[in-house]
Each structure stands twice: as C-alpha cells, then as structure tokens.
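Have a look at the structure below before the remarks.
These numbers were taken from a predicted model, which means no experiment stands behind them. The first residue in the sequence is number 1, and the count goes up from there.
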Amino acid sequence: METPTQDHSFQDEVDKTILEEAGTSSWIQPRPGDFVTVECRSSSGPSVIYHWRVGCSSVTTLTIGGVDLERCVKTMRKGETATFKSKLPESNGVESTLTLEGLERRDDLLKDGRLVRTTVQQGRGYQTPRDGSELRVRYARRPAPKVSVQAATPTAAAGVISLELRASEGLREALLSEEVTLLAKALLRQYGGTIVVQAGEGEGQPVRIVRSGEELIPTPAAYTIKTAAGVLLRELDKMAGVEPFMPAIEVPMVVRESGCVCAMRDWLPGLVGLRILADMRAGQRVTVLASSALAFGEKGLPEYGIEPNTDLEYDVELTGIYKWDDVSVGGTGNVLKKTVKEGEGQGMPAEGLEVTAMVEVKDDDSGKVLLEKQELKFEAGLGKYCAALEETVLLMKKGEEVVVKCLDVASCTDPALNLVGEEKKLMNFYIELIDFDASDIYSMEEPAKLARCTKCKEAGSRFFQAGAIHRALRRYSHVAGCLSYMEDWKDAAVKEEAAALRKVCNLNAAACWLKLNSFKDAESACNLVLRDEPTNIKALFRKAKALEGCSEWRQAEQILRKVLELDKENKEAARTLLKVRQMAKQEEDEKKAIFSKMAKGIAKDAKSMVGPDAEPAAAEAKSPKKPEESHTPTTKATEAAPEHKQEPETPEVDGAAICRTLCVAASMVVGLTVVSTAVRRYR
C-alpha cells in the first residue's frame with residue numbers, strides 16, 4: 001500500500017472536512033497520470049463535473065472559491081466526499097463540496113512508456129495470480145490509437161473543453177453517465193486539457209462541445225444526451241483513426257514462470273502478458289497499451305488480423321483466480337478444492353451447526369452425472385455425508401462456489417447419496433454454500449454450548465470406531481478448544497459436566513495422535529488432562545506410550561511405575577514397562593560401546609603425539625651409564641671431585657595438541673548424546 005504524501009502548505013491554507021469516507025477497498029489517492037472524475041458542488045452555483053489527468057492539465061491553475069482544485073483532489077480517495085474552504089481572507093468564506101467519483105490508476109509497467117496499464121475497475125479481495133494459478137480472463141483488443149502510445153507520458157496543458165448538457169430531468173445522472181465519461185476520455189485523448197461537464201443554458205442540442213466559445217463538433221438536436229454522446233464518441237474515434245474493439249472473449253489461462261499459458265495466440269506473449277496480470281485481483285478491469293516491440297513485432301499475427309509493427313490496445317478483465325487447496329482431512333492431497341466464485345464476508349460454518357448447500361457430483365473422466373444437482377441441509381461435520389462434502393463446507397464462505405476433486409475412496413464414498421468411490425477414479429463435487437447457521441458458540445448459553453459440544457464428541461466417537469481417525473481428531477480437538485476456558489461459567493452442574501467432557505475429548509485426542517504416530521501432540525494432549533488431574537491413569541499411560549514412541553525410555557519407565565502404583569492389575573502397563581526397560585538397557589549398552597571405542601581412539605592419538613623417540617629415551621634413562629675410559633692421568637684433585645650424574649633427556653610433548661584432541665573428543669561425546677536424544681524424540 002502506498003503512503004500518501006503530505007502537502008503541509010496546503011493544510012495551512014485550506015480547511016478540509018470529510019463528509020463521507022471512501023469505501024474500505026478504495027485506499028489509493030490520485031497521483032500524476034491518473035484519470036480522475038470530480039463532482040464539484042458550490043454554494044454559489046450548480047454541480048459541475050471535471051475530467052482530467054492529474055499533473056498534466058490546465059486544471060492545475062483552476063481554483064474554486066480560492067481553492068486549488070487539483071491539490072484538493074490529491075488528498076482524497078475514490079468515493080470520498082469532503083468540503084474545502086480557503087483560510088485566506090480574499091476567499092470570502094466560499095465553501096466547495098467535492099466528490100471523487102472516479103479514479104483510474106495509470107501504471108507505466110516497464111518505466112519506458114512501452115507497456116502502460118490503466119485500471120478502470122478495482123478488483124476484490126487480496127488474492128493475486130501466482131505460479132500454478134488457473135485464471136479466467138475476458139479480453140478484447142484493437143490497434144492502439146496513435147496518440148495514446150505516443151503520449152504515454154502526459155505533456156503540458158491544452159486548455160479547457162466544455163461539455164454542455166441539456167435535459168428536462170435526470171441531469172445529474174446524465175452528467176456522470178458512462179456515455180458522457182467515455183466521451184470525456186475521448187476528448188482528452190484527442191485534445192488534452194480539462195473536460196468540464198455542466199448544464200447548458202437555454203434550449204438547444206442535448207450535448208454541445210465547446211472550446212474557447214466555439215463548437216468543436218456539431219450535434220443534431222434530435223438526440224437524447226446518451227445517444228448524442230455515443231454519436232460524438234464515434235465521430236471522435238473516426239477523426240483519430242481509432243478502430244472499435246473486437247468482440248470480447250473469455251479464456252482460461254495457467255500461470256507459469258515463463259508467462260501465461262493460453263490457447264489464444266493473440267494474447268500478449270511470454271512475460272509481457274504475465275506482467276499485466278501479475279498483481280491484478282479478481283474482478284479488476286484494465287486497459288493496456290502495448291508497443292509493437294512487446295506484442296508481435298515485425299512479423300505481426302496475420303491469422304488474427306494483426307499487421308506487422310502494430311501497437312495494440314487491450315481491454316482486460318480478470319474474472320477469476322483459481323487455485324487448488326488440499327482439504328483432505330489427513331493432508332494427503334487426495335481431496336483438492338478450487339474456488340470458482342468467492343463468498344461473502346469472513347465467516348465460515350462451525351461444527352455441529354446447520355448448513356444449506358447445493359451439490360452436484362460428476363465422474364471426472366466421462367463427465368457422467370453421479371448425483372443430480374440438489375439442495376442439501378445437514379449439520380456440518382457430524383457424519384451424515386462423506387468427508388469430501390462435509391469437511392469442505394467447513395472451509396467455505398456464504399455464496400462461495402467450489403469444485404472438489406476427490407481421489408480418496410473413503411472420503412467420497414457416501415451411502416446416503418449412493419456414491420461409491422473407486423480406486424484411481426476421480427470424482428468431482430460441485431458445491432455452492434447457500435447459507436449456514438452463523439451462531440457463535442462462545443456467546444451461547446452454557447447448556448446450549450454443552451449440548452452442541454456433546455454432539456460433536458459423539459460424532460468423533462463414531463468416526464474413531466469407523467477408522468476415520470483424522471475426522472475423529474478434528475471433532476475432539478474442536479470440543480476441547482471450545483471448552484478450554486470455563487472460569488466464568490455460572491451453573492456449577494453444567495460446568496462440572498463440561499469439564500468431564502473436555503477431559504474425555506483430550507484423552508480421545510491423545511489416542512488419535514498415538515494412532516497417527518504424532519507422539520509429541522499426544523503428549524501435549526495428555527498434559528492438558530494431567531494439569532487438572534495428575535493421577536489420571538489413562539492420561540499417564542498414554543503419555544508413557546507417547547514417550548515410548550519418542551524413545552524417551554527412562555521418562556516412560558518412571559511414568560509406567562506410577563501407573564502400576566495406582567493400578568497394580570494393569571497388565572498392559574506391566575508389559576509396556578518390561579519392553580521399555582529392555583530398550584533402555586540396550587541403549588545404555590550401545591552408548592558404552594561407543595564411548596569405549598572413542599576412549600581407545602583418544603589414547604592412541606595422545607600416544608602418537610608424544611613422538612617416536614619417547615620409549616627409547618625413557619628406556620635409556622632407566623639403564624645406568626658405563627663410565628667412559630679416559631687417557632687423562634688421574635690426579636688427587638680429580639679423584640676428590642664429586643661425581644656428577646647426567647640427567648636423562650625428557651622427551652618433548654605437544655601438550656596443546658593433546659588438549660585440543662581431548663576437547664574435540666569431549667565435544668563429540670556431548671554432540672553424540674544430543675543427537676541421540678533428538679533422534680529418539682523424533683524417530
């Protein structure tokens with residue numbers, strides 16, 4: 001989102017009061033090059049409509065009641081109505097009311113004037129195309145008007161042209177009609193400047209185009225305003241050599257990194273076509289001016305009537321953005337949802353509440369109808385229908401339409417609808433969520449909330465018994481979440497029953513997590529129970545099983561001992577304890593073997609660092625030296641001199657190297673222990 005620039009001098013000169021805020025989807029403000037339509041209502045006269053391109057028209061010098069019109073408009077958003085009053089003494093307190101009726105954003109996509117996009121209609125939502133997205137695009141094309149591409153960068157002002165309208169009734173609607181707006185755009189394209197649309201005085205033609213007091217194009221008096229505007233528009237197009245658009249077509253496209261894959265070859269090729277659509281939203285409509293170099297160049301496209309070196313103008317609407325989302329209960333990718341029509345608001349159905357949906361089912365290969373289109377009413381998520389239908393509507397908004405591709409036999413088999421899934425057979429569900437009960441469970445009365453949670457828990461138990469573990473887990477987790485906070489419940493009996501239900505759902509959720517080999521989640525679910533009831537045998541035992549799955553043998557052993565202290569007859573706990581002890585001993589033996597091998601390696605490395613001469617030198621030091629024979633005559637002095645023994649040489653030892661080796665070895669031991677623990681916990 002762009003940050004609006006602040007005109008501090010304007011704020012000092014003008015008082016602005018917003019009478020009506022713009023819609024939440026209208027967040028941009030006019031900038032140079034944008035086409036704007038402004039209604040001005042002044043206390044001194046009737047309404048007047050102004051059309052111009054911001055920053056390149058004579059409106060920059062137009063003031064109303066001492067207020068610069070363009071500086072006012074730059075502070076507004078589409079749909080906003082505000083009053084402006086000059087603070088200067090010479091304005092005499094004249095107040096003007098402006099409404100920004102239209103804002104068409106102009107983007108020079110390549111910053112060189114060769115690819116210019118003007119947004120005629122804003123899109124909805126926030127989703128934009130991405131790699132792999134499926135699109136529906138409606139477009140028409142024609143050779144671009146010569147003046148349009150050449151004047152991609154607006155130039156200086158070209159004066160004021162007046163459109164005078166005369167009508168006995170409905171004048172304001174005529175002033176803002178689409179026909180008159182298109183005529184104003186054509187006049188801007190042809191002449192530039194500012195187009196002022198206002199009521200004409202006296203009688204005469206319904207539409208009169210005047211510049212500097214002279215009529216530019218004569219209009220027969222017999223026409224109505226809209227008809228006359230259409231005739232004048234065609235005349236202007238003829239003068240400018242503008243051809244009509246070809247009939248619009250709607251085509252599917254797939255977004256790839258190299259461009260948009262489209263069956264129609266006259267769509268702009270490669271990255272050029274992708275650049276136009278890359279940041280558009282569903283419902284957005286734009287016009288695009290593309291130079292011949294970016295379109296079809298010197299060769300053109302003769303089979304589509306596109307001559308060589310032809311600049312093109314496209315009218316493009318992105319009617320839909322579709323992506324496939326994995327909605328399978330186990331995240332397996334076997335049930336995929338594609339939204340073909342977006343829904344309203346942000347709310348979605350909740351488990352256990354009634355929904356109304358229109359459903360049709362077809363075979364993907366043959367297109368054969370397996371279930372005729374019909375309206376179904378059911379409580380979402382409770383198991384009346386198959387998972388492909390029930391679990392999908394929980395992720396939809398009111399009015400949303402989706403296609404669901406189902407490859408999972410269990411998810412699309414439905415006895416109630418006579419649907420039988422087959423291996424490697426794709427089934428397509430076409431679902432429209434018509435309505436749903438939007439009751440908020442958190443605002444329900446306590447007994448009603450408990451009753452609804454009980455329904456969901458019972459559905460979870462049915463799913464668990466049928467082997468639909470993921471669906472069971474969703475229901476148990478939903479109930480536990482709804483009842484996670486009950487501090488402010490007033491009815492003690494209902495609160496006690498709800499607490500018991502929450503405990504059961506957490507225990508059942510732990511059992512589901514164990515079956516899915518998600519041991520950390522199972523441990524967390526058990527901890528929720530043990531927080532309120534530390535001696536709950538089921539919670540302790542299932543936590544021990546979770547720790548066993550994480551290879552945390554000693555912790556599992558401690559908890560199993562506690563289980564047997566509380567229930568000495570628990571045979572399953574006794575069997576699990578025996579197994580855990582064996583695994584713990586095996587792990588200790590493995591560690592000892594590894595540490596022994598490492599210690600031998602360290603001793604060997606230390607010995608090699610002492611040096612090869614260490615052992616001979618030591619042996620020589622221990623053995624007594626024989627006195628050397630001397631030919632020097634012995635004297636009394638020499639006989640009396642004390643005998644000095646030669647000390648053995650101490651071998652040099654690289655102490656720093658030994659320390660480094662020991663440190664590395666210690667690090668290896670610690671690292672091995674950490675890695676071993678991590679592997680056990682996430683094995």
**Item:** Inter- and intrachain pairs under side chain to side chain donor-acceptor pair (under 3.5 Å), touching residues 174-187, at least two apart
**Value:** Glu104-Lys185
**Asked** With no hydrogens and no angle check, is any side-chain donor or acceptor of Thr119 less than 3.5 Å from a backbone partner on Gln121?
**Response** no
**Prompt:** Got a second to check how far Leu370's CG is from Cys412's SG, nearest 0.5 Å?
**Reply:** 9.5 Å
**Message:** Nearest 0.5 Å, please: how far is OG in Ser518 from CG in Leu516?
**Reply:** 7.0 Å
**Request:** Could you list the residues that satisfy side-chain hydrogen bond (donor to acceptor under 3.5 Å, both in side chains) with Thr392, not counting sequence neighbours?
**Result:** none
**Message:** Walk me through whether Lys337 and Glu400 qualify under salt bridge (Lys or Arg N to Asp or Glu O under 4.0 Å).
**Reply:** CA-CA 12 Å; Lys337 181 192 82 167; Glu400 184 176 351; 3.7 Å; yes
**Request:** Establish, yes or no, whether the cationic atom of Arg142 lies under 6.0 Å from the six-membered ring centre of Phe245 and within 45° of the ring axis.
**Result:** yes
**Prompt:** Where the side chain of Thr310 meets the backbone of Ile306, is there a donor-acceptor pair that is under 3.5 Å apart?
**Reply:** no
**Fill in**
Rounding to 0.5 Å, atoms CG (Asp408) and CG (Leu426) come to a distance of 11.5 Å
**Prompt:** Can the ring centroids of Phe35 and Trp52 be said to lie less than 6.0 angstrom from one another?
**Reply:** no
**Message:** Once salt bridge (Lys or Arg N to Asp or Glu O under 4.0 Å) is applied, what residue pairs with a partner in residues 455-470 remain, sequence neighbours excluded?
**Reply:** Glu379-Lys455
**Message:** Has Thr413 got a side-chain atom pairing as donor or acceptor with Val409's backbone, closer than 3.5 angstrom?
**Reply:** yes
**Asked** How many angstroms lie between CH2 in Trp27 and CD in Gln122, if you round to the nearest 0.5 Å?
**Response** 7.5 Å
**Message:** Run the salt bridge (Lys or Arg N to Asp or Glu O under 4.0 Å) test on Asp107 and Arg31 for me, step by step, so that the C-alpha distance in whole Å, both residues' side-chain angles and the decisive distance to 0.1 Å come before the verdict.
**Reply:** CA-CA 10 Å; Asp107 292 300; Arg31 68 185 185 192; 2.4 Å; yes
**Item:** Aromatic plane relationship, Tyr476 with Phe464 - under 30° parallel, 30 to 60° tilted, over 60° perpendicular
**Value:** tilted
**Message:** Per the salt bridge (Lys or Arg N to Asp or Glu O under 4.0 Å) rule, what does the pair list look like for residues 387-398, sequence neighbours excluded?
**Reply:** Glu390-Arg471, Glu391-Arg471, Glu391-Arg474, Glu391-Arg475, Lys398-Asp435
**Request:** Tell me, please, which residues at least two apart from Asp365 pass side chain to side chain contact (heavy atoms under 4.5 Å, CB included).
**Result:** Asp363, Lys425
**Message:** Going by the rule side-chain hydrogen bond (donor to acceptor under 3.5 Å, both in side chains), which residues pair with Gln465 if we only count those two or more places apart in sequence or in a different chain?
**Reply:** none
**Message:** For Arg141 and Asp266: C-alpha separation, side-chain torsions, deciding distance, then whether salt bridge (Lys or Arg N to Asp or Glu O under 4.0 Å) applies.
**Reply:** CA-CA 9 Å; Arg141 59 168 174 81; Asp266 64 338; 2.8 Å; yes
**Item:** Heavy-atom side-chain contact between Ser477 and Asn506 under 4.5 Å
**Value:** no
**Message:** What's the separation between atom CG in Leu115 and atom CG in Leu294, rounded to the nearest 0.5 Å?
**Reply:** 6.0 Å
**With sequence neighbours excluded, residues passing side chain to side chain contact (heavy atoms under 4.5 Å, CB included) with Leu376** = Val359, Gln374, Phe378, Tyr385, Leu389, Leu417
**Request:** Under the side chain to side chain contact (heavy atoms under 4.5 Å, CB included) rule, collect the residues that match up with Lys341, sequence neighbours excluded.
**Result:** Glu401
**Asked** Taking the side chain from Ser292 and the backbone from Asp311, do they hold a donor-acceptor pair closer than 3.5 Å?
**Response** no
**Prompt:** What pairs with Thr81 under side-chain hydrogen bond (donor to acceptor under 3.5 Å, both in side chains), at least two apart in sequence or on another chain?
**Reply:** Thr99
**Prompt:** Are Trp513 and Glu523 close enough, and set up right, to give a side chain to side chain donor-acceptor pair (under 3.5 Å), and what steps lead you there?
**Reply:** CA-CA 9 Å; Trp513 286 123; Glu523 183 184 357; over 6 Å; no
**Request:** Sequence neighbours left out, what pairs pass salt bridge (Lys or Arg N to Asp or Glu O under 4.0 Å) with at least one residue falling in residues 267-291?
**Result:** Arg117-Asp279, Arg285-Asp315
**Asked** Is a side-chain N or O of Arg452 found less than 3.5 angstrom from the main chain of Glu351, in a donor-acceptor match?
**Response** yes
**Asked** With sequence neighbours excluded, what pairs up with Asp112 under the side-chain hydrogen bond (donor to acceptor under 3.5 Å, both in side chains) test?
**Response** Arg114
**Contacts of Arg138 that satisfy side chain to side chain contact (heavy atoms under 4.5 Å, CB included) - sequence neighbours left out** = Ala248, Glu250, Glu317, Thr319
**Prompt:** Taking 4.0 angstrom as the limit, do Asp237 and Arg189 come out as a salt bridge?
**Reply:** yes
**Asked** For the atom pair CZ (Phe429) and NZ (Lys362), what is the distance rounded to the nearest 0.5 Å?
**Response** 13.5 Å
